[in-house]
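To start, the structure itself, in structure tokens.
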Amino acid sequence: MELKHLEPRENWQQIAQDAGFSFHTMYGEPYWNEARAYRFTLREIEEDIEDPSTELHQMCLDAVGRIIESQELMARMGLPEKHWDYIAGTWRGGDPGLYGRMDLAYGGTGPAKLLEYNADTPTSLFESTSFQWQWLEDQITAKVLPRDADQFNGTWEALVARFAEMWPGGDTIYFTSVPENSEDYGTVETMAWAAKEGGVNPLYLTIDKIGVSDDGRFLDADGYPIRFLFKLYPWENMLNEPFADYLAQSGCFMLEPAWKALLSNKAILPMLWRFNEGHPNLLPAFFEDEFTEAGPAVQRAEAAFAAGRVVKPIFSREGASVRILDAAGGEIAASTDHGYDEHPKIVQAYHPLPEFDGSHPVIGAWIIGDTCTGMGLREDRGLITQNLSQFIPHYIEG
């Protein structure tokens, strides 16, 4: 793994606009940055990122099966108890998952470490798939990259195949997100195009336009029942909305299924460590009260906490309410966004992100179905990846 400084395409902003990448610049700062790129070897991709991510996903599925069967463990997940049966029903009924993104710490040496699993509403899909691939092709044509350069980027094709597999006869799927959010819309639009290519009829509406019929079915803006719905709206929020009471009777198949609320939840991190203690791709993690009590499991992981610890709310987005502390409890770094401070916390061993030319990259490994299919990288000058972190393309050589 190596950082390369490359010549950006002369008109990359216009290329982005033409491709519908309207959020290439956010808050006056470039979000997409192609003056930098990360070069990987094929061995690094296959052995250090692809295979471990697929294995981690299987470990996560095993954890869901265990949590569903335990009221004690379900209580740790911070989800409304009145919806536990609905969540469990989607798991036991075999409702399939579509996609997710694992955030990994990796710098080219040692095993990649799982930081968290965005298994419900991960963004950066468009830039990770079509726009990153377009950059690769353009830079090969311009001789900025060698002719044999490649990219770990099979996510689009895997998405198309997944939609075709899940809806072999075609059907209408509604795609929804919150209004007036161009980044969320870019993810939903990418999903809808993949569904269309997979033989599905996609329709879009903002989530505020969804209604409920007298008999508890979800309706579109014209009053037609919604049978299939992809929603870029977090389950932990949805399950606390009034209309969540209609989920079980709505007759609506949800993407992602409700059991994904157990994975896109930082409470899964101490569960993974509990069930797979010592796994090379995991960081020791405990619920805050467990860490304070310093029982045998915490004592066994004492050496891993010598570099410090990261305190995370079980629900948070874009690094909000995250704190990095040293071994003595002194603050190394903290998010300025405190929007999730009230949620229960977990404590994870601090594994410093690699540093390349003053920035710290995080690898987002995409899972489609049950397999790792591609990746994207975001980096930040700070130690906490957050909303303004930049997306940096990558390529494979050698």
Side-chain angles (χ1 to χ4, degrees), residues 1-10 12 15-16 24 29-56 101-116 124-155 280-281 283 307 319 333 350-367 372-386 388-398:
M1 181 178 178
E2 183 180 6
L3 175 66
K4 294 289 188 179
H5 295 272
L6 303 177
E7 189 67 30
R9 293 167 292 179
E10 183 177 351
W12 73 264
I15 294 172
H24 60 77
E29 297 291 334
Y31 164 62
W32 170 271
N33 182 0
E34 61 182 63
R36 301 158 64 88
Y38 282 93
R39 172 192 174 276
F40 292 82
T41 66
L42 185 60
R43 186 209 62 78
E44 289 174 324
I45 295 293
E46 292 182 341
E47 297 181 13
D48 294 348
I49 297 169
E50 181 180 9
D51 291 345
S53 296
T54 297
E55 181 184 359
L56 285 167
R101 191 195 73 232
M102 289 187 170
D103 287 346
L104 306 172
Y106 178 74
T109 58
K113 299 291 186 179
L114 177 66
L115 302 175
E116 59 190 64
S124 76
L125 183 65
F126 172 77
E127 50 271 41
S128 292
T129 55
S130 58
F131 198 71
Q132 186 175 210
W133 184 258
Q134 183 178 359
W135 165 85
L136 178 76
E137 291 184 323
D138 287 348
Q139 295 295 53
I140 290 174
T141 300
K143 296 182 169 45
V144 173
L145 295 178
R147 290 179 57 187
D148 62 348
D150 202 351
Q151 195 173 83
F152 185 31
N153 196 346
T155 301
N281 296 115
L283 294 168
Y350 178 43
H351 183 80
L353 295 175
E355 182 175 343
F356 292 85
D357 192 23
S359 290
H360 307 277
V362 169
I363 291 175
W366 288 98
I367 305 291
C372 183
T373 60
M375 73 182 195
L377 289 93
R378 294 180 67 197
E379 67 173 20
D380 201 285
R381 291 281 176 180
L383 297 176
I384 300 174
T385 306
Q386 41 83 37
L388 297 179
S389 302
Q390 293 184 327
F391 190 99
I392 312 296
H394 80 276
Y395 66 100
I396 302 169
E397 184 182 11

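Reckoned from all heavy atoms, side chains included, excluding hydrogens, waters and symmetry mates.
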Any heavy-atom pair between the side chains of [Y] and [X] that's under 4.5 Å?
| X | Y | result |
| --- | --- | --- |
| P361 | M1 | yes |
| W32 | P393 | yes |
| E397 | K4 | no |
| H360 | E379 | no |
| W366 | N153 | no |

Considering all heavy atoms of both residues, which atom of [X] and which atom of [Y] are nearest to each other, and what is their separation?
| X | Y | answer |
| --- | --- | --- |
| L104 | S53 | CD1-OG, 3.5 Å |
| F126 | S130 | CE1-OG, 3.1 Å |
| E34 | Q139 | OE2-NE2, 4.4 Å |
| H394 | W135 | O-CZ3, 3.4 Å |
| V362 | T385 | CG2-OG1, 3.2 Å |
| L114 | L283 | O-CD1, 4.0 Å |

Atom [atom1] in [X], atom [atom2] in [Y]: separation rounded to 0.5 Å?
| X | Y | atom1 | atom2 | value |
| --- | --- | --- | --- | --- |
| R101 | M375 | CZ | CE | 13.5 Å |
| T41 | I396 | OG1 | CD1 | 8.5 Å |
| R39 | E44 | CZ | CD | 8.0 Å |
| W12 | N33 | CH2 | CG | 7.5 Å |

Is there a donor-acceptor pair under 3.5 Å between the side chain of E50 and the backbone N or O of E46?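 Such a contact is absent between E50 side chain and E46 backbone.
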Within the side chain of N281, is there an N or O that forms a donor-acceptor pair under 3.5 Å with the backbone of A112?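 Confirmed, N281 side chain pairs with A112 backbone.
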Residues in side chain to side chain contact (heavy atoms under 4.5 Å, CB included) contact with L3, at least two apart in sequence or another chain: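 Applying side chain to side chain contact (heavy atoms under 4.5 Å, CB included) to L3 gives H5, R36, Y38, F356, D357.
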Run the side chain to side chain contact (heavy atoms under 4.5 Å, CB included) test against D51 and tell me which residues pass, sequence neighbours left out.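 Side chain to side chain contact (heavy atoms under 4.5 Å, CB included) check on D51 returns nothing, list empty.
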Inspect the surroundings of CZ in R43 and state if more than 12 heavy atoms from other residues, nucleotides or ligands are less than 6.0 Å away.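 Yes, CZ of R43 has more than 12 neighbouring heavy atoms, counting only those of other groups under 6.0 Å.
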L6 and L145: side-chain contact (heavy atoms from CB on, under 4.5 Å), yes or no, with the steps? CA-CA 9 Å; L6 303 177; L145 295 178; 3.9 Å; yes
Run the salt-bridge test on D380 and R378 with the 4.0 Å N-O cut-off and return the result as yes or no.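 Salt bridge flag = no for R378 with D380.
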Assess the side chains of H24 and E127: does a donor N or O sit below 3.5 Å from an acceptor N or O?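 Not at all, the side chains of H24 and E127 share no donor-acceptor pair under 3.5 Å.
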Evaluate the side-chain contact (heavy atoms from CB on, under 4.5 Å) criterion for residues R9 and V144: first the C-alpha distance (whole Å), next the side-chain angles of each, then the deciding distance (0.1 Å), finally the verdict. CA-CA 10 Å; R9 293 167 292 179; V144 173; over 6 Å; no
Apply side-chain contact (heavy atoms from CB on, under 4.5 Å) to I49 and F40, showing your working. CA-CA 11 Å; I49 297 169; F40 292 82; 4.1 Å; yes
